[in-house]
Amino acid sequence: MALEIDMDRYHNLALQAHDDGVWVVTLNRPSKRNALDIDTIEELVEFFSAAPRAGVRAVVLAGAGDHFCAGLDLVEHHDEDRSPADFMHVCLRWHEAFNKMEYGGVPIVAALQGAVVGGGLELASAAHIRVMDSTAYFALPEGQRGLFTGGGATIRVTDLVGKARMIDMMLTGRVYQGREAVDVGLAQYAVEGSSFDEALVVARKAAQNLPLSNFAICSAVSHMQNMSAMDAAYAEAVVAGVVNTQPDARARLAAFADKSAARVRPNS
Ligand code: 1HE
C-alpha cells in the first residue's frame, strides 16, 4: 500500500502533485530568502522519507521568489545561541534530509534562481540534477561569516567541483554564475528563460522511466561511490540482476525487438 502524503502537515514547503507523479516541492519563505530554519529541515526529512513509498515518480525542488535559498537561517542560529552539541544535532537533521534526497531513489531536479548559497548550495547538491537560470549564482560564504559548512558541502560540493575549487570558494567567497557555473559542474543545465519550466520538463522525462530503474539510478550510484571498486562492481551486478529482469521492462524490450521503440539518435 502506498503511503499518503498529508499536504496539510507542511507549512514551510508548498507541495503540488501532478497527475504524472511529478511533485513540485517549493521552499516557501521568500521573505526570508528561503533560509533553512529547523522547521523547514524537518519538513524536508518528512517529505523525502515518504516520497519513495508514496508513488512520487520525480520531484522538482524549487524556491519561491527571486532566490532559491540563502542557506542556514542565520537569525535563528544567532537567536538560539546553540551549544556545540545542539548544532551538531541540527547538522545531523540536515544530513538526514539530504541523505533521504540523495539516496531515496526518487529523481530530484532542482530549479535554481538567484542565490544558491551556503546551505542552499548544500541542498541543491543533494538533488540529482540542477537547472539554473541566468540570475542564479553559487557561493559558500561560510568562511566570511565565521562558520563552516555543516550540511554536506564537504562531500557533495566537492564531488561536483573538486577539492581545489571547493576550498577556494570557502576561503575567498568566490561566486560562480552563468556558463562558468555549468563548466565547473555546479549545474547541468543553464537556460535563458525559467529554470522551473525546464526542471519540470527534465523531471517529466525522468518520470517516464520505470520506478525501479530510477530507484537504482538515484540510490545505487551514490551508494556505490562509497564502496571500493570491487564491492561497487559486485553491488552493480546485484542491482542489475534485479532491475534488468523486472517484469515491467519486458514490454519495453519487446518494443525494441519488434522495432516499434524509438532508436537512440544524435540531436538534430
Ligand atoms: C535571512 C537569510 C539567512 C536572508 N538567514 N535570514 N548564507 C548567507 O550568508 C546568505 C545570507 N543572505 C544574503 O546574503 C542575502 O540575504 C541574499 C543575497 C540571499 C538576498 O539578498 P536580499 O538583498 O534580497 O535580501 P536581504 O535584505 O538580505 O534579506 C531579506 C530578508 O531575508 C531579511 O529578513 P527581514 O526580516 O529583515 O526582512 C534577512 O534577514 C532574511 N535572510 N538570508 C536568515 N541566511 C548547516 S551549516 C550551513 C551554513 C550556512 O548556510 S551559512 C549561511 C550562508
Side-chain angles (χ1 to χ4, degrees), residues 11-14 26-48 61-103 110-127 130 132-161 163 165-178 180-181 186-187 195-196:
H11 305 288
N12 292 359
L13 299 180
T26 306
L27 304 170
N28 201 22
R29 297 204 310 148
S31 68
K32 300 295 175 190
R33 307 308 183 250
N34 300 318
L36 296 171
D37 62 354
I38 199 64
D39 290 344
T40 305
I41 293 293
E42 290 304 328
E43 291 187 19
L44 288 169
V45 171
E46 181 160 343
F47 179 80
F48 285 106
L61 178 67
D66 293 339
H67 298 279
F68 173 71
C69 177
L72 174 70
D73 189 319
L74 295 168
V75 176
E76 180 186 68
H77 185 58
H78 175 259
D79 292 348
E80 293 281 322
D81 196 18
R82 292 163 169 144
S83 70
D86 288 342
F87 195 61
M88 177 188 72
H89 286 295
V90 169
C91 291
L92 288 172
R93 295 307 288 165
W94 283 49
H95 290 307
E96 183 74 13
F98 296 176
N99 287 339
K100 289 281 188 259
M101 293 170 62
E102 182 182 349
Y103 293 88
L112 307 175
Q113 80 282 6
V116 185
V117 302
L121 177 52
E122 295 182 302
L123 172 64
S125 42
R130 282 154 293 282
M132 63 183 283
D133 74 7
S134 58
T135 70
Y137 60 96
F138 303 83
L140 292 170
E142 282 85 343
Q144 283 74 54
R145 306 250 184 252
L147 304 172
F148 187 64
T149 59
T154 53
I155 305 142
R156 294 192 184 90
V157 178
T158 303
D159 271 354
L160 293 179
V161 303
K163 185 170 77 174
R165 285 198 188 96
M166 158 74 180
I167 291 176
D168 177 23
M169 287 175 83
M170 291 207 68
L171 285 177
T172 66
R174 182 171 180 163
V175 173
Y176 283 102
Q177 61 199 79
E180 195 183 14
L186 287 163
S195 55
F196 178 82

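First listed ligand is number 1; within each ligand, the first listed atom is number 1. In this chain, numbering begins with 1 at the start of the sequence shown. Bear in mind that the values here come from a model prediction, so they are computed numbers and not experimental data.
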Tell me, which protein residue and heavy-atom name are nearest [atom], and how many Å apart are they?
{"atom": "atom 6 (N) of ligand 1", "answer": "Val75 CG2, 3.9 Å"}
{"atom": "atom 45 (N) of ligand 1", "answer": "Leu72 O, 2.9 Å"}
{"atom": "atom 47 (S) of ligand 1", "answer": "Gly150 N, 3.4 Å"}
{"atom": "atom 5 (N) of ligand 1", "answer": "Leu74 N, 2.8 Å"}
{"atom": "atom 27 (O) of ligand 1", "answer": "Arg33 NH2, 4.4 Å"}
{"atom": "atom 32 (O) of ligand 1", "answer": "Ser31 O, 3.2 Å"}
{"atom": "atom 44 (C) of ligand 1", "answer": "Asp73 OD1, 3.3 Å"}

Query - Within 6.0 angstrom of Asp66 CG, more than 12 heavy atoms from elsewhere - result: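 Result for CG/Asp66: open.
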
Should [X] and [Y] count as an ion pair when the cut-off is N to O under 4.0 Å?
{"X": "Glu76", "Y": "Lys32", "answer": "no"}
{"X": "Lys100", "Y": "Glu46", "answer": "no"}
{"X": "Arg29", "Y": "Asp37", "answer": "yes"}
{"X": "Arg93", "Y": "Glu42", "answer": "yes"}

Within a distance under 4.0 Å of any heavy atom of [X], pick out the atoms of ligand 1 and give their elements.
{"X": "Arg145", "answer": "8 (C), 9 (O), 10 (C), 11 (C), 14 (O)"}
{"X": "Gly119", "answer": "50 (C), 51 (O)"}
{"X": "Ala35", "answer": "2 (C), 3 (C), 5 (N), 44 (C), 45 (N)"}

Query raised in the report: For the side-chain contact (heavy atoms from CB on, under 4.5 Å) test, which of Phe138, Tyr137, Phe68 pairs with Val117?
Result: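 Exactly one pass, corresponding to Tyr137.
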
Proximity to ligand 1 by part of [X], non-hydrogen separation under 4.0 Å:
{"X": "Leu36", "result": "neither"}
{"X": "Gln144", "result": "neither"}
{"X": "Pro141", "result": "side chain"}
{"X": "Tyr137", "result": "side chain"}

Query raised in the report: Which residue from Ala70, Pro30, Gly151, Cys69 reaches closest to atom 43 (N) of ligand 1 through any of its heavy atoms?
Result: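 Closest candidate by heavy-atom distance is Ala70.
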
**Report entry** Nearest candidate to atom 36 (O) of ligand 1, where distance is taken over non-hydrogen atoms, out of Glu76, Lys32, Arg93, Glu142
**Finding:**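 It is Lys32 that holds the nearest heavy atom.
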
Query raised in the report: If only atom types and distance count, is the side chain of Arg130 paired as donor or acceptor with the main-chain N or O of Ala111 below 3.5 Å?
Result: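 Here the side-chain-to-backbone pair does not exist.
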
Query raised in the report: Distance-only, no hydrogens or angles: does the Thr40 side chain make a donor-acceptor pair with backbone N or O of Leu36 under 3.5 Å?
Result: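 Judged by distance alone, no pair lies under 3.5 Å.
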
Query - ligand 1 to Val117 polar contact by distance, N or O atoms, under 3.5 Å - result: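 Looking only at distances, the answer is no, because the N/O contact criterion of under 3.5 Å is not met.
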
**Report entry** Polar contact flag for Gly71 and ligand 1 (N/O pairs, less than 3.5 Å)
**Finding:**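 Between Gly71 and ligand 1 (N or O atoms, distance only) the closest approach is not under 3.5 Å.
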
Requested in this report: Might you check, step by step, whether the distance between atom 22 (P) of ligand 1 and some protein heavy atom is under 4.0 Å?
Outcome: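 Yes.
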
Query raised in the report: Should Arg156 and Glu122 be marked as a salt bridge (charged side-chain N to carboxylate O under 4.0 Å, His left out) after you check the CA-CA gap, both sets of side-chain angles, and the distance that decides it?
Result: CA-CA 7 Å; Arg156 294 192 184 90; Glu122 295 182 302; over 6 Å; no

Query raised in the report: At the 4.0 Å heavy-atom cut-off, does Glu122 count as touching ligand 1?
Result: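 Glu122 counts as a contact of ligand 1 under the 4.0 Å cut-off.
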
Report task. Report yes or no: do Asp133 and Thr135 form a side-chain donor-acceptor pair below 3.5 Å? Result ->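 Present: a donor and an acceptor within the cut-off.
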
